[in-house]
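Computed over heavy atoms, backbone and side chain alike; hydrogens, waters and symmetry mates excluded.
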Amino acid sequence: MFIAMFNGWYFFWLILAAGGIVGLYFGLRNASVKVQKGVLFGLLIFGLLLHFLKVYIPPYSVDEARMLRDSWFVNICGANIALFPFFFWSKNDKIKDYMFYIGVLSGLIALFYPQEPIAKTDQLGEQLDIVRFYYHHWMVMAVPLLMVLFGHHKLSYKRILTAPTGLLLLMLFIILNQIFQSELGYIPLRNQEDFFDIGYKNTSYIWGPGTNDAIGDFLALFTPDFFKTVPVGEFAGQTKYWPWFWMIVPVYVLVTPLSFGLSMIFDHKGLSSDLKKLNKSKVTK
């Protein structure tokens, strides 16, 4: 198995992911709500266990430093893996909306652009980790999608701002993970001799865009210049992205319309009804 963009294995995993969702939908659509929720929650719990069990497979099992670092929740999908089992039972509509929008968007992006498997230099030796990668990113997309398809949660286009807001709060959760890791000695948050080194584990772009990073550079187009420079002190005026803050505008600008597009699949009638009421109120005035 060798993963590359648009090769046979690339499409194999996409087809398998789609087939898994379709199979679960038709297999469970006539089941009781209790059974449906039990199966979906089971997928989330298995994903959480798998996150820790990965320490027994390469590359983690042969690299103790990486095993300790990557057992934490240091990227968006990893943090969702930790939080989704708890969010699943929440009765808060905004939390469930966050699960759907960010779960579906992050899962789709990872499946269509599987950067981690492609970047592996030893794909043959790390096949189990490639399978883990696909399961985890399929799971964070499939469970919230099926949750909505089965009617366990009703989306509202009026709550789409929960997606970018929730994502930014999740990034704060990731920052705390990385700060604790650094304080406990698991990772160097930044090189002590280089103020401008964003350090290890920047997969969620919290510390700034990487070097020669097309995605990070695209996000930076939406960032105000103020958040790209050091405001005071010895390095005042030099280019350095403010951790987390630099992502605020890009997240709202990009995630909000994507979430709105997803909401229209399930709540287009709600928007249509509200527009009719608005037009009617204008006519009667």
Side-chain angles (χ1 to χ4, degrees), residues 13-51 73 75-112 132-171 173-174 251 255-273:
W13 286 108
L14 285 180
I15 293 170
L16 185 63
I21 294 173
V22 172
L24 282 170
Y25 174 75
F26 284 103
L28 294 173
R29 63 176 177 171
N30 294 321
S32 67
V33 172
K34 183 177 181 179
V35 170
Q36 291 174 348
K37 288 187 174 182
V39 172
L40 296 182
F41 182 65
L43 294 174
L44 293 174
I45 291 298
F46 179 70
L48 182 60
L49 292 174
L50 187 60
H51 176 82
F73 304 99
N75 56 47
I76 292 172
C77 285
N80 283 334
I81 289 168
L83 296 174
F84 273 18
F86 302 97
F87 288 176
F88 183 78
W89 296 109
S90 172
K91 298 186 182 300
N92 188 300
D93 287 337
K94 292 181 179 179
I95 288 177
K96 291 291 186 67
D97 279 359
Y98 166 83
M99 276 188 71
F100 176 82
Y101 293 125
I102 301 303
V104 171
L105 288 174
S106 61
L108 282 175
I109 291 170
L111 292 176
F112 278 98
R132 176 208 61 78
F133 168 89
Y134 276 104
Y135 176 79
H136 271 150
H137 292 86
W138 171 83
M139 178 199 75
V140 298
M141 173 186 65
V143 171
L145 179 58
L146 289 167
M147 178 181 72
V148 171
L149 289 173
F150 288 144
H152 302 164
H153 173 64
K154 182 175 175 57
L155 295 170
S156 171
Y157 76 91
K158 298 177 182 178
R159 297 193 299 265
I160 58 171
L161 288 180
T162 59
T165 303
L167 180 57
L168 288 169
L169 291 174
L170 185 80
M171 289 180 174
F173 174 77
I174 295 170
V251 165
V255 174
T256 302
L258 290 173
S259 300
F260 179 77
L262 285 175
S263 74
M264 286 299 94
I265 298 174
F266 297 95
D267 193 34
H268 58 277
K269 292 182 179 179
L271 176 62
S272 177
S273 175

- Task: Check whether any side-chain heavy atom of Met139 lies under 4.5 Å from a side-chain heavy atom of Ile81, and answer yes or no.
- Result: yes
- Please examine the side chains of Ile21 and Trp138, heavy atoms only from C-beta on, and report whether any two atoms are closer than 4.5 Å. yes
- Message: Can you classify the ring geometry of Tyr134 versus Trp13 as parallel (below 30°), tilted (30 to 60°) or perpendicular (above 60°)?
- Response: parallel
- Carefully, step by step, assess Leu105 and Leu167 under the rule side-chain contact (heavy atoms from CB on, under 4.5 Å). CA-CA 11 Å; Leu105 288 174; Leu167 180 57; over 6 Å; no
- Task: State whether the side chain of Lys94 and the backbone N or O of Arg159 hold a donor-acceptor pair below 3.5 Å, judged by distance alone.
- Result: no
- Query: Looking at CE of Met147 and CE of Met99, how far apart are the two atoms once the value is rounded to the nearest 0.5 Å?
  - Reply: 4.5 Å
- Task: For Ser272 and Lys269, indicate whether the former's side chain and the latter's backbone hold a donor-acceptor pair under 3.5 Å.
- Result: no
- Decide yes or no on side-chain contact (heavy atoms from CB on, under 4.5 Å) for Ile45 and Phe88, but give the supporting numbers first. CA-CA 11 Å; Ile45 291 298; Phe88 183 78; over 6 Å; no
- Rounded to the nearest 0.5 Å, how far does CG of Leu155 lie from CE of Met264? 9.5 Å
- Decide side-chain contact (heavy atoms from CB on, under 4.5 Å) for Phe260 and Thr256; before the verdict, give the C-alpha distance in whole Å, the side-chain angles of both, and the deciding distance to 0.1 Å. CA-CA 6 Å; Phe260 179 77; Thr256 302; 5.6 Å; no
- Query: Do Tyr98 and Leu169 have side chains that get closer than 4.5 Å, going by heavy atoms?
  - Reply: no
- Distance, nearest 0.5 Å, that separates CZ of Phe100 from CD1 of Ile160: 12.5 Å
- Between CG on residue Leu24 and CG on residue Leu149, distance to nearest 0.5 Å: 11.0 Å
- Note on the structure: Only one of Asp93, Ile95, Asp97 passes side chain to side chain contact (heavy atoms under 4.5 Å, CB included) with Thr162, and that residue is Asp97
- Task: Check whether more than 12 heavy atoms from other residues, nucleotides or ligands sit under 6.0 Å from atom CZ of Phe173, and answer yes or no.
- Result: yes
- Message: Less than 4.5 Å apart, side chain to side chain, heavy atoms only: is that true for Phe86 and Leu44?
- Response: no
- Is there a side-chain contact between Tyr101 and Pro164 (heavy atoms, below 4.5 Å)? no
- Item | Side-chain heavy-atom pair Ile102, Phe84 within 4.5 angstrom cut-off | no
- Message: Side chains of Val39 and Leu146, heavy atoms from C-beta outward: is any pair under 4.5 Å?
- Response: no
- Check whether any side-chain heavy atom of Phe73 lies under 4.5 Å from a side-chain heavy atom of His51, and answer yes or no. yes
- Task: Answer yes or no: is there a donor N or O on one side and an acceptor on the other, between the side chain of His137 and the main chain of Ser106, under 3.5 Å?
- Result: no
- Kindly determine whether Lys158 and Leu271 satisfy side-chain contact (heavy atoms from CB on, under 4.5 Å), including the steps that lead there. CA-CA 9 Å; Lys158 298 177 182 178; Leu271 176 62; over 6 Å; no
- Query: Can you name the nearest heavy-atom pair linking Leu111 to Leu14, along with the distance?
  - Reply: O-CD2, 3.5 Å
- Is the ring centre of Phe266 less than 6.0 Å from the ring centre of Tyr157? no
- What orientation do Phe46 and Tyr135 show, parallel under 30°, tilted 30 to 60°, or perpendicular over 60°? perpendicular
- Do you know which two heavy atoms are closest between Ile174 and Ile76, and how far apart they sit? CD1-N, 3.6 Å
